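In what follows, a structure is listed as C-alpha cells, so that the remarks can point back to it.
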Number of protein chains: 2
Amino acid sequence: MTPAPNASPDLPAVPDAELLRLDHQVCFSLHAASRAFGGFYRRALKDLGLTYPQYLVMLVLWEDGPLPVKAIGERLHLDSGTLSPLLKRLEAAGMVRRERSREDERSVVVELTGDGERLRERALSVPRGVLAATGLSVEEVLGLQETLSRLTAALGEAVDAQ
Amino acid sequence: MTPAPNASPDLPAVPDAELLRLDHQVCFSLHAASRAFGGFYRRALKDLGLTYPQYLVMLVLWEDGPLPVKAIGERLHLDSGTLSPLLKRLEAAGMVRRERSREDERSVVVELTGDGERLRERALSVPRGVLAATGLSVEEVLGLQETLSRLTAALGEAVDAQ
DNA sequence: CATGATTGAGTTGTGCACAACTCAATCGCG
DNA sequence: CGCGATTGAGTTGTGCACAACTCAATCATG
C-alpha cells in the first residue's frame with residue numbers, strides 16, 4: 001500500500017506495530033457493532049418473520065414503492081447475487097411480487113403485496129426499540145451516521161482506485 | 001418493545017414514521033460501512049491469503065500468543081460455530097496449529113506456525129493503508145471506535161434483557 | 001464417590017455477501 | 001439494418017454468522 005513507513009502526513013510518529021493494534025480495535029469495533037445490531041434486529045424482527053437484510057429491502061420498498069431489482073441494489077449497495085435469492089424468499093413469504101417489466105424485459109420489478117404493505121404498520125414499533133437499545137441520543141445517532149457515511153464513501157473510492 | 005408511543009424521554013416529538021426513515025438510514029449506514037470495510041480489507045488482504053475474519057483471528061493470535069478457541073471467541077464475540085471451520089481453514093493454509101489441551105481435554109489450543117508468525121511482518125503495512133483509505137484522522141477513528149464500543153455493549157445488554 | 005449439570009468444541013442447516021460466471025434483452029455505432 | 005458491447009437478473013461456489021444441536025470432558029453437589 002504505502003511503501004515508505006510513516007508516509008502519511010498526519011501520522012508522524014505512530015509506528016506500524018502500534019497501528020496494527022489500533023487496526024485491531026477499529027475494524028473489530030465496526031465488525032462487532034454491525035453484528036450486535038444484526039443480533040438485536042434478528043430478535044426484534046423475529047415476530048415479523050423478517051431477517052435484517054430483508055427488513056432493509058422492505059424499508060426501501062415501503063418508502064419508494066415498486067422498484068426494479070437494480071434500483072434496490074443501488075440503494076442498499078447490494079448486487080443481484082445477494083438480492084435475487086433474498087427476494088425469492090420474500091416472495092415465498094408472500095411479502096412481495098416480482099414481475100418482468102414490459103418496457104425492458106431484462107428488468108424485474110419488485111412490488112409489495114397486501115401483506116407486505118400491512119407489515120409496515122407492525123414494523124413502525126421496531127425503530128424506537130432499537131434506538132432505545134443503542135443508548136445513544138438522536139444527535140449522537142445522526143453524528144454516527146454522518147461519520148459512517150463518509151467512511152463508506154471514502155472506502156468505496158479507495159477500493160475503486162485500488 | 002415500548003408499548004406507548006413516544007415514551008422515550010429524549011424523543012418527545014418524533015413520530016414513528018419519521019423514526020422508521022431514520023432507522024432506515026442508520027442501520028443501513030452501519031451495515032454499509034461494515035461491508036465497505038470488509039470490501040477494502042478483502043482486497044488488501046488478498047496478497048496475504050486471508051479473509052477479513054481470518055485476519056481478525058490472526059491479529060488476536062499475533063498479540064496474545066497461543067489461545068484456546070474459547071478465548072479467541074470471547075475476544076471477537078464469535079462462537080464455535082463460526083470459529084471451528086474458520087480455524088480449520090487457517091490450519092489447512094498452514095497458518096496455525098490446533099491441538100487439544102492436555103490439562104483440559106475439552107479445550108483446543110490454537111497456536112501460530114512459523115508461516116503464521118512470519119505473516120505478521122507482511123501484515124504490518126495493511127493498517128496504514130486502511131487508515132488512509134478511511135479519510136478519517138486518528139482522533140476521529142478513536143472517537144468512532146469509542147461510540148461503536150458503547151453501541152455494541154448497549155445492544156448486547158438489550159439483547160440479554162430481551 | 002456417583003451422577004446430574006455445565007462447559008468446550010464441533011456439526012448441521014439457513015441465510016447473507018460477494019466474485020465469477022451465464023444468458024437474454026437492449027443499446028449504440030458504423 | 002446488423003452486430004458487437006453493455007446491461008439486468010440469475011446461478012454457482014466459497015466463506016462468514018448464528019441458532020440448534022451432539023458429544024465428550026469436567027465440575028459440583030449431595
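Note that the coordinates shown come from a computational prediction; the quantities given were computed from them, not determined experimentally. Every chain is numbered from 1, with letters handed out A, B, ... down the list of sequences.
One can place CG of B:L90 at 13 Å from P of C:dG10, the figure rounded to the nearest angstrom. Distance, B:L83 CG to C:dG10 P: 9 Å, rounded to whole Å. For A:L155 and C:dA17, the CG to C1' distance is 16 Å, given to the nearest whole Å. Atom-to-atom, CG of A:L56 to P of C:dA17 comes out at 8 Å; the value is rounded to the nearest Å. Distance, A:F37 CZ to D:dC18 C1': 18 Å, rounded to whole Å. In this structure, the CZ atom of A:R98 is 17 Å from the P atom of D:dG8, given to the nearest Å. Taking atom OH on B:Y41 and atom C1' on D:dG15, their separation rounds to 19 Å, with Å as the unit. Between the CZ atom of B:R100 and the P atom of D:dT26 there is a distance of 10 Å, given to the nearest Å.
Each of A:H31 and A:S107 has a nearest nucleotide on DNA chain D; the 5'-most of these lies closest to A:S107. Sequence order on DNA chain D of the closest nucleotides to B:P53 and A:G81 puts A:G81 first from the 5' end. For B:D104 and A:R102, each mapped to the nucleotide of DNA chain C holding its nearest heavy atom, the one lying further toward the 5' end belongs to B:D104.
The only member of A:L83, A:I72, A:L67 that meets side-chain contact (heavy atoms from CB on, under 4.5 Å) when paired with A:V110 is A:I72.
Across all strands shown, A:E74 has no heavy atoms under 4.0 Å from either base or sugar-phosphate atoms. At the heavy-atom level, B:S84 lies under 4.0 Å from base atoms of the strands shown. Across all strands shown, B:P85 has no heavy atoms under 4.0 Å from either base or sugar-phosphate atoms. Using a 4.0 Å heavy-atom cutoff across all strands shown, B:T82 reaches at least one base atom of the nucleic acid. Residue contacts shown for A:L78 are limited to sugar-phosphate atoms, with no base heavy atom under 4.0 Å away.
Classified by interplanar angle (parallel below 30°, tilted 30° to 60°, perpendicular above 60°), the ring pair B:W62/B:Y55 is perpendicular. Using bins of under 30°, 30° to 60° and over 60° for the plane-to-plane angle, the ring pair B:H77/A:F28 lands in the perpendicular bin.
With distances taken from any side-chain atom of A:D79 to the nucleotides D:dA9, D:dC18, C:dA19, the minimum falls on C:dA19. When the nucleotides C:dT11, D:dC27, D:dA17 are ranked by their closest atom to the side chain of B:R106, D:dC27 comes out on top. With C:dA19, C:dG10, D:dG15 as the choices, the nucleotide that has an atom nearest any side-chain atom of B:Q54 turns out to be D:dG15. When each of D:dA19, D:dG8, C:dG8 is scored by its nearest atom to the side-chain atoms of A:K70, the top-ranked nucleotide is D:dG8. Checked against C:dT26, D:dT26, C:dA19, the side chain of B:R43 finds its nearest nucleotide in C:dA19.
A sub-4.0 Å separation between OP1 or OP2 of D:dT14 and a side-chain N or O of B:K88 is absent. OP1 or OP2 of D:dC18 has not a single side-chain nitrogen or oxygen of B:H77 nearer than 4.0 Å. Using a 4.0 Å cut-off, no side-chain N or O of A:S80 falls inside it from OP1 or OP2 of D:dT11.
One finds a salt bridge joining B:E91 and B:R98 here, because a Lys/Arg side-chain nitrogen approaches an Asp/Glu carboxylate oxygen to under 4.0 Å.
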>> Under the criterion ring-ring contact (aromatic ring centres under 6.0 Å, His included), I'd like the reasoning laid out for A:H31 against B:Y52: C-alpha separation, chi angles, the key distance, then a yes or no.
In response: CA-CA 10 Å; A:H31 201 62; B:Y52 183 39; 5.1 Å; yes

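Between the A:Q54 side chain and the A:T51 main chain, a donor and an acceptor come within less than 3.5 Å of each other.
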